[in-house]
Amino acid sequence: EPETRNALAIDYTVDLFCEPKRVLGPDGMVDRLRQLRKFRSGNPEDARQAREAGFELRPLAFHCRTCPANHARREFGCTGTLCLPVSEEGEQWLIDELPATLNPDKVPGPAPRRRVMALRELVRRLRERGVDGSRVEARRAKGRDVQAMQPFVRRYGLLPGRLRVSSSQLIELLLLQDSISPDVAESLCRALGVWEDLEAPSADEVPEVVFTRLPEQDDDPSVVEIKELLLALVIACSLDLPVITSRDPSRP
């Protein structure tokens, strides 16, 4: 049967070692945050485990106030959650944000050209890693992880050498790779246009990075969560750290 949104989730964490992760272990911290989410499930055992998790997490939360990986600006804000299934709006948003061309000569200005070059790099990295979207398509066929019946696709070039990038590839890259490295994250975020560099005041200074797609009030919930994940990737890149993704091991 098609899954209900919020019944399943992908958790992600900026992989910065810290005191809470030292005390609880990186997986242990995420496990306890998962237990907190189940507090209102109506199951007495879930409620008991959530209380125990809160008891263990509470003394460690003050470490998060000044943590550079705290992209969410809250307790344990180096973590986040993307609920499944990803909506049709979420998949379409990902594809719609990609440049319409792979030819940098066809776009005006340096910023659009940088996006096109980032897309070319992203395509190369997808090929290198064998990220063809098949893992997402296998789950889509079973009514899992994604809501849409078919992926959304951006096509580049003319037949017969036409290249395509699908929403299944992007979701596979974001959610099914266990770890998103800084170089892959940068290519993806720049190609989607969520990462832009402000002009540095001088040649000796590093340009300031701006996240350009903050969640908006009327955004679809999946779009909000995808934007939050992309923000975590930008923050992780600034720290030269990967983002670790994981699925609740108690659910398939």
Under 4.5 Å between side-chain heavy atoms, counting indirect links through other Ile/Leu/Val/Met/Phe/Trp/Tyr residues: same cluster for Leu241 and Ile235 or not? yes
According to a 4.5 Å side-chain heavy-atom criterion applied to Ile, Leu, Val, Met, Phe, Trp and Tyr, with indirect links allowed, do Ile10 and Val224 form part of one hydrophobic cluster? no
Given the rule that I, L, V, M, F, W and Y join up when any side-chain heavy atoms are under 4.5 Å apart, are Leu82 and Leu214 in one cluster? yes
Side-chain heavy atoms of Arg48 within contact of Glu45, under 4.5 Å: yes
Taking the side chain as every heavy atom from C-beta outward, state whether Val194 and Leu233 have any pair of such atoms under 4.5 Å apart. no
Return yes when atom CZ of Phe17 has more than 12 non-hydrogen atoms of other residues, nucleotides or ligands closer than 6.0 Å, and no otherwise. yes
Mind running side chain to side chain contact (heavy atoms under 4.5 Å, CB included) on Lys38 and Gln49 for me, showing each step along the way? CA-CA 9 Å; Lys38 299 176 182 178; Gln49 292 183 1; 5.8 Å; no
Can you find a heavy atom in the side chain of Ile244 that is under 4.5 Å from one in the side chain of Tyr12? no
Would you kindly confirm whether Leu192 and Ile95 end up in one hydrophobic cluster when ILVMFWY residues are joined by side chain heavy atoms under 4.5 Å apart? yes
Would a distance-only check, ignoring hydrogens and angles, find a side-chain to backbone donor-acceptor pair under 3.5 Å from Ser222 to Ser87? yes
Taking the side chain from Gln169 and the backbone from Val131, do they hold a donor-acceptor pair closer than 3.5 Å? yes
Below 4.5 Å, heavy atoms only, C-beta onward: do Asp197 and Arg190 meet side chain to side chain? yes
Using a 4.5 Å cut-off on heavy atoms from C-beta on, say whether the side chain of Leu8 contacts that of Cys83. no
Are Arg32 and Pro20 close enough that some pair of their side-chain heavy atoms sits under 4.5 Å apart? no
Can you check whether Arg140's main-chain N or O pairs, donor with acceptor, with Arg144's side chain at less than 3.5 Å? no
Short side-chain to backbone donor-acceptor contact, Glu121 and Ser187, under 3.5 Å: no
Is there a donor-acceptor contact under 3.5 Å from the side chain of Arg154 to the main chain of Leu98? yes
Does the pair Arg58/Glu75 count as a salt bridge with the N-to-O cut at 4.0 Å? no
Under a 3.5 Å distance rule, please check whether Lys21 uses its side chain to pair with a backbone N or O of Met29 as donor and acceptor. no
Separation of Leu229 CG from His71 NE2 (nearest 0.5 Å): 8.5 Å
Any Lys/Arg nitrogen of Arg125 or Asp183 sitting under 4.0 Å from an Asp/Glu carboxylate oxygen of the other? yes
Run Glu196 and Arg115 through salt bridge (Lys or Arg N to Asp or Glu O under 4.0 Å) and show every step you take. CA-CA 9 Å; Glu196 289 186 5; Arg115 282 186 66 186; over 6 Å; no
Counting only heavy atoms from other residues, nucleotides and ligands, does the tally under 6.0 Å from CZ of Arg124 exceed 12? yes
Within the distance-only criterion (no hydrogens, no angle test), does the side chain of Arg139 pair as donor or acceptor with the backbone N or O of Val146 below 3.5 angstrom? no
How about Arg127: does its CZ atom have over 12 heavy atoms from other parts shown lying under 6.0 Å from it? no
Using a strict threshold of under 4.0 Å (side-chain N to carboxylate O), is an ion pair present between Arg51 and Asp46? no
Quick test of your reading of the model: are Arg37 and Asp11 salt-bridged, counting only N-O distances below 4.0 Å? yes
Contact check, side chains of Val243 and Thr13, non-hydrogen atoms, under 4.5 Å: no
Where the side chain of Asp219 meets the backbone of Glu216, is there a donor-acceptor pair that is under 3.5 Å apart? yes
I'd like to know if Arg247 and Asp178 make a salt bridge, using a cut-off of under 4.0 Å between side-chain N and carboxylate O. no
Any chain of hydrophobic side-chain contacts (each under 4.5 Å) joining Leu94 to Tyr156? yes
For Ser166, does its backbone N or O pair with a side-chain atom of Arg164 as donor and acceptor, under 3.5 Å? no
Any side-chain heavy atom of Asn70 sitting closer than 4.5 Å to one from Cys78? no
